[in-house]
Amino acid sequence: MKIATWNVNSLKVRLQHVIDWLGESKVDALCLQELKLTDDKYPRAELEAHGYRSWFAGQKTYNGVAILVRDGLDVDDVTVVRNIPGFEDLQQRVIAATVGGVRLVSAYFPNGQAPGTEKFAYKLAWLDAMHDWLAQEMQQYPKLALLGDYNIAPEDRDVHDPKAWEGQNLVSPEERAQFERLIALGFVDSYRQFEQPEKTFTWWDYRMFAFRRNAGLRIDHILLSPELAPSLVSCEIDKVPRKWEQPSDHTPVIADLNLAA
DNA sequence: ATGGCCTTGTGGCAAGGA
């Protein structure tokens with residue numbers, strides 16, 4: 001089973017990119033973030049016409065997440081969860097569904113703006129709630145994958161210029177400590193389970209020719225629970241959609257799982 | 001060099017993103 005995550009920065013603008021990418025990658029499940037549309041505007045029919053059903057949680061202008069599932073895979077409708085249970089939040093950042101026996105969580109972690117700000121405090125509180133919920137969720141669903149835009153670059157090698165970024169939002173010690181708390185639950189970072197080229201990122205600023213200069217960050221991740229991690233066959237970042245016309249500033253990450261193993 | 005670019009919703013710009 002191939003699973004993937006992609007922050008599309010507006011599903012309205014990027015719908016054709018998503019359809020094209022699904023056609024090429026043929027992933028079984030795709031977690032999307034930053035839909036930036038309300039549920040009534042969700043392009044359900046267009047995606048179904050291309051062989052993918054959707055579960056989503058949208059909102060106006062900001063945030064919004066979805067899980068797209070290829071026809072033929074079993075999805076348990078009853079256990080779909082939107083938002084972090086018990087965490088009051090008007091922002092739509094989380095949706096979870098069980099797909100082909102694997103619990104998938106599509107998450108758009110808060111940006112945080114800058115350390116010391118109100119939004120940064122919200123990010124840390126959100127991360128606390130996510131950590132505690134995942135600890136429970138993993139008990140209930142031992143085969144669990146957390147896919148999304150984490151808005152955290154876990155290590156200096158995930159940053160094009162660690163000195164310039166030191167202490168900044170997305171790389172600060174507080175945020176990295178939160179990432180490590182997830183790892184302490186037993187999660188493994190799919191991408192780092194394999195030899196990877198240096199300077200591989202998932203996001204590049206639209207400004208300053210950042211993509212051309214490869215001035216990016218690796219902030220989109222696929223974490224696998226201990227029960228699921230042994231199934232991991234490969235993990236890669238697909239830079240190609242970032243080269244398309246009018247691209248998202250993020251690019252997809254794919255993990256291939258062999259569930260029979 | 002604290003900007004640059006993109007999206008949204010609004011209304012002739014501001015907010016948010018990372």
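The figures that follow rest on heavy atoms only: side chains count, while hydrogens, waters and symmetry mates do not. The shown structure was predicted, so the numbers you read here are calculated from the model rather than taken from an experiment.
Rounded to whole Å, atom P of B:dC5 lies 13 Å from atom CZ of A:R242. We find that CG of A:N7 is positioned 11 Å from P of B:dG17, with the value rounded to whole Å. If you measure from atom CH2 of A:W203 to atom P of B:dG16, you get 18 Å, rounded to the nearest angstrom. For the pair A:H221 NE2 and B:dA18 P, the interatomic distance rounds to 12 Å; values are reported in whole Å. Taking atom CZ on A:R93 and atom C1' on B:dA18, their separation rounds to 12 Å, with Å as the unit. A straight line from CH2 of A:W204 to C1' of B:dA18 spans 13 Å, rounded to a whole angstrom. Regarding A:Y122, its OH atom lies at a distance of 14 Å from the C1' atom of B:dG17, rounded to whole Å. Spacing between atom CZ of A:R14 and atom P of B:dG17 amounts to 16 Å, rounded to whole angstrom units.
Looking at residues two or more places apart in sequence or on another chain, you find a side-chain contact (heavy atoms from CB on, under 4.5 Å) between A:A57 and A:V65, A:R82, A:Q92. Applying the salt bridge (charged side-chain N to carboxylate O under 4.0 Å, His left out) test to A:D158 and every residue at least two apart in sequence or in another chain returns A:R192, A:R218. The salt bridge (charged side-chain N to carboxylate O under 4.0 Å, His left out) search around A:E155 returns A:R157, not counting sequence neighbours.
Other residues, nucleotides and ligands contribute over 12 non-hydrogen atoms within 6.0 Å of the CZ atom of A:F194.
Side-chain atoms of A:Y122 and A:N111 include no donor-acceptor pair closer than 3.5 Å.
Using a 4.0 Å heavy-atom criterion, one finds that A:Q168 contacts no nucleic acid atom at all. Note on A:D220: nothing from the nucleic acid sits closer than 4.0 angstrom, heavy atoms only.
Both A:V69 and A:V253 are members of a single hydrophobic cluster when ILVMFWY side chains are connected at heavy-atom separations under 4.5 Å.
To the nearest whole angstrom, the two P atoms, one in B:dG16 and one in B:dG11, are 16 Å apart. Here the separation of B:dT10 from B:dA14, taken at their C1' atoms, is 9 Å to the nearest Å. B:dA1 and B:dA15 have their P atoms separated by 27 Å, with the value rounded to a whole Å. Between B:dT2 and B:dG12, the distance separating the two P atoms is 28 Å to the nearest Å.
Not less than 6.0 angstrom separates the ring centroid of A:W133 from the ring centroid of A:F87. In this structure, the ring of A:H250 has its center no less than 6.0 angstrom from the ring center of A:W6.
For the segment residues 207-214 of chain A, the set of residues with a heavy atom within less than 4.0 Å of an atom of DNA chain B comprises A:R207, A:M208, in numerical order. Interface residues of residues 243-251 of chain A facing DNA chain B, ordered by number: A:Q246, A:H250; criterion, heavy-atom separation under 4.0 Å. The stretch residues 109-119 of chain A touches DNA chain B through A:N111, A:K119, each having a heavy atom within less than 4.0 Å of the strand.
Side-chain heavy-atom separations under 4.5 angstrom define the hydrophobic clusters, and A:M208 shares its cluster with no other residue. Cluster partners of A:W204, using a side-chain heavy-atom cutoff of under 4.5 Å among ILVMFWY residues and allowing indirect links, are A:F201, A:F211.
Residue pairs meeting the ring pair (Phe, Tyr, Trp, His ring centres under 6.0 Å) criterion with at least one partner in residues 45-73 of chain A, sequence neighbours excluded, are A:Y42-A:F56. Residue pairs meeting the salt bridge (charged side-chain N to carboxylate O under 4.0 Å, His left out) criterion with at least one partner in residues 117-142 of chain A, sequence neighbours excluded, are A:R103-A:E137, A:K123-A:E175, A:D128-A:R181. Among residue pairs with one or both ends in residues 51-69 of chain A, those qualifying as salt bridge (charged side-chain N to carboxylate O under 4.0 Å, His left out) are A:R53-A:D71; sequence neighbours excluded.
Across all their heavy atoms, A:T5 and A:D149 have their closest contact at OG1-N, 4.5 Å. Closest approach of A:P154 and A:I152 over heavy atoms only: CD-O, 3.4 Å.
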Polar atom pairs between nucleotides 8-13 of chain B and protein, under 3.5 Å, N or O only, would you list them?
from, atom 1, to, atom 2, distance (Å)
B:dT8, OP1, A:S10, OG, 2.5

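Contact check, A:N63 against B:dG17: no side-chain N or O comes under 4.0 Å of OP1 or OP2. Listed pair A:N151 / B:dA18 meets the phosphate criterion, a side-chain N or O lying under 4.0 Å from OP1 or OP2.
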